[in-house]
Q: 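Take a look at this one; I'll ask things after.
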Amino acid sequence: MPAAPVPPSSWLVAVPRPIPAYDFAAPHGHAGTFPVGCRVLVPWRGEPLVGVVVGAGSERQSHRLREALQLLDAPERPWVPAATVQALGEWAASAGLPLGLVWDDLLGVGWAPALAHRVRAVAGADLTAFAENAAPAAVPGPQWSDGAGYLPALLDSVREQGLLEEEFTPVQPTVSRIYPTAQGQGPLTPKQAEAAEWLAEYPGQESLSSWARGAGVSSSVVAAVLARGHAALHEEAAPPPALPPCAAPWSPGLPDSLPVAERWRLNGGKFAARARALAPRIQAQLQAGGSVLVLVPEHATLDRAWAALSGLAEPCGTGAALFSGLLSPEQREHSWEQIRSGAARLVVGSYLALTAPLASLGLLLVLDEGSDAYKLSSGSRAWVPDTAQAVAGAHGAELGTAGVVPAVETVKWPALELPAPRVRLHTVDYGAAPTQPELGPLSMPGQAQSSLGYPLSHDLRAVLRQVQERGRQAALLAPRRGYSALLRCPQCDYAPQCPNCDVALRFHRSAHQLMCHQCGHRQNVPRSCANCGEAMWQTKGPGTEWLAQEVAQLLPGMPVYRVDRDHQDDLSALHAGGSGVVVGTQLLLSQPAPPELALLAVTLADTWLNVPDFRASERYHALLWELAEWHPARAPLLLVQTFQGTHPALEALRRSQSEDAGQSVSLYPRQEWELRRTLGYPPHACLAQVEVAARDRDRARAAADAVAAALYTAGATAQEVLGPAPAPIARVRGVYPYHLLLRARSPERLRELLDAVGSVRAGGRVRVDVSPRHLS
DNA sequence: AGCACGCCGACT
DNA sequence: GTCGGCGTGCTC
């Protein structure tokens, strides 16, 4: 960050609201400082609010500025590094996002510090006039007093007149604990005496309920003891919150064989092998006094990465810190402080760790850079790997990615590819035989099934029986949760629909209810078809419930477990090595693989392919390799049921085993890279999706047309603007979304197009998603 | 994002 | 007559 030669008299401050950063005058005594990355309290709608200094205020002001109230961090120890501030600023500008939205999304700690607030009138000022029109309210006098004692609006008007002195000082976190006292009043009942005795034995209880639980009495008894003064609360300094411990220290025995480049990728192998390959580079950075940030897409990977990498810090004389949204506010604060003080120079965390105050960041590692979990679903809708590149660039840090397969976006980077995991693949190709695949009876048993068998093919049944005979374990990947994709009338094909969305309701057998997986609407199963009166229903499209039931029927006596978002069985028996079958959605893969896993089956692979998105086959390919590396040591039989048995992604997996191709995991992404060049898709283009929605369909359509018209007026070509078209689900939660896809040659061009979108008053809700992950 | 203001429909 | 829906605009 180039420092301004002369400190500015006003600061640009980002507040956690979806708006641009605003200017504030530097607070009293700070006119000579320019504390980029420090937090500052600013007056906001009459009350103090924490913001982050992100730049210098513009020198010419059309209106007079409010003065910031107080700087919360010392300028030499900013809350966020200046380079990160610069990176986020540039990245937000390139995506056309208001800066406050980005900061609200990416800074996960420090917005709500505990502060003591005291105020007094400036010398000689009489503030009584400020209280006149309202009901009699207290006003600050010449002595310091607690700011909480005054109306915020009153304080703000005094503040605005420059007649208020105030101070905000951090208060150390405390906990209140309960101790027995000697000076209680009045006799105690037997129960109360019992509670008091127990407390004498176990003083320092954290809550009344823990006391009551421990003493084995009701909470009213301990409340009475407290009320009579036989016990009292004491405020004590809170102990530092517990954080997961580092793994045992280790150093790799191998030399560094990763590419030497500004950015590189590491693929192939299994997780542990990749961790061993990364270790020398991480330790070299730490030895040289630099910092390393390891970014993970979700919590399952976070745990694995922490277990594998946290032990690398200690041999280099530093610590490791974990940071993610799963931590409590206290833990986050503590972890941030470890990083900021320099005690931890290795950080493993989620996207929230991107703003971590690491000094001299030398290496930023992005694990599984193609994972859709990196797409933030709300707010800025950031594609985190993009943001990570901006941060690495601003710090001058090298950027590495690591995962079993490379994303198409990184496949051309300098690489180290470990041998592909071993795969034993068996395909059941429904496409080869004419079938009626997704049909299944609900009320009528024994209906004709496909010649290969569905949802459990003959081959799958045979292998499942073997698994049971040999006391081994199997895992089945179902296309969806619930019992079935829909319920339909065998007479007229009608399927019950959601009242708020244009989708068929999903059938949940155990609850015997229909559910909308878009908006959560639930209702009972109708007695008969609303269209023709038929009283029977047929289910279509098996989910976890259905498949678990099929397996239980096939293998009597075999334990069958289910894992999906709304049903998670306890798998401890499986993890202890007991025989069984687990049926789950993709969520299953975020858990450790059962140790005796002999079979891993994808019951309908086409679910991953029948998605209207140009990345569908890339995702499918990545899923197959994820399955191949799930078990850390073994290669269980991978059985794939599909209508596209010769799909190139599947072929790539097959070829990787027959040839000794060194780059087998990147074969398919390379192919995709070429294909996307001819189609003009990323990484050869920059995309943004514009969603225009309104409660009224015609209004939504008109608003979307208005956005398109504005784009063409601004010089966009037909190549660059696709749509508008109704969203794949034409109505969601009662509104009609329309989509436009912007496709630009460069980030700069995309920026121009987004500016045109931003300047229209369309007459509907407009949302922009830069680097979208799910397209129609 | 909140939170105000302001404009139209359906109730005690 | 008002209560309350949500469209629009503003926050230094």
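First the proteins, then the strands, lettered A, B, ... as listed; each starts at 1.
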Q: Need one value for A:P16: base, sugar-phosphate or nothing, where a base atom within 4.0 Å counts as base even if backbone is also close, heavy atoms only.
A: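 Here A:P16 touches no strand at all.
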Q: CZ of A:F24 versus C1' of C:dT11: gap in Å, rounded?
A: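 From A:F24 CZ to C:dT11 C1': 9 Å.
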Q: Which whole-number value in Å describes the distance from A:R66 CZ to C:dT11 C1'?
A: 12 Å
Q: What is the distance from CZ of A:R765 to P of C:dT8, rounded to the nearest Å?
A: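 About 13 Å, once rounded to whole Å.
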Q: Give the ring-plane orientation class for A:W44 versus A:Y22, where under 30° counts as parallel, over 60° as perpendicular and anything between as tilted.
A: parallel
Q: Please report the distance, rounded to the nearest Å, between CG in A:L49 and C1' in C:dC10.
A: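 Roughly 15 Å, once rounded to whole Å.
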Q: A:R45 has an atom CZ; how far is it from atom P of B:dC5, in whole Å?
A: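 These atoms are roughly 10 Å apart.
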Q: Going by atom types alone, do A:Y150 and A:S145 pair a side-chain donor with an acceptor below 3.5 Å?
A: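 Looking only at side-chain atoms, A:S145 and A:Y150 do form a donor-acceptor pair, the distance falling under 3.5 Å.
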Q: How close or far is atom P of C:dC10 from atom CG of A:D23, stated in whole angstroms?
A: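 In whole Å, C:dC10 P lies 18 Å from A:D23 CG.
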Q: A:I19 has an atom CD1; how far is it from atom C1' of C:dG9, in whole Å?
A: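 Checked: the CD1 to C1' distance equals 13 Å.
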Q: Taking atom types as modelled and ignoring hydrogens, do the side chains of A:D386 and A:S771 form a donor-acceptor contact shorter than 3.5 angstrom?
A: yes
Q: Tell me whether the rings of A:F168 and A:H117 are parallel (<30°), tilted (30 to 60°) or perpendicular (>60°).
A: parallel
Q: Could you tell me the separation between the CG atom of A:L101 and the P atom of B:dA1, rounded to a whole number of Å?
A: 8 Å
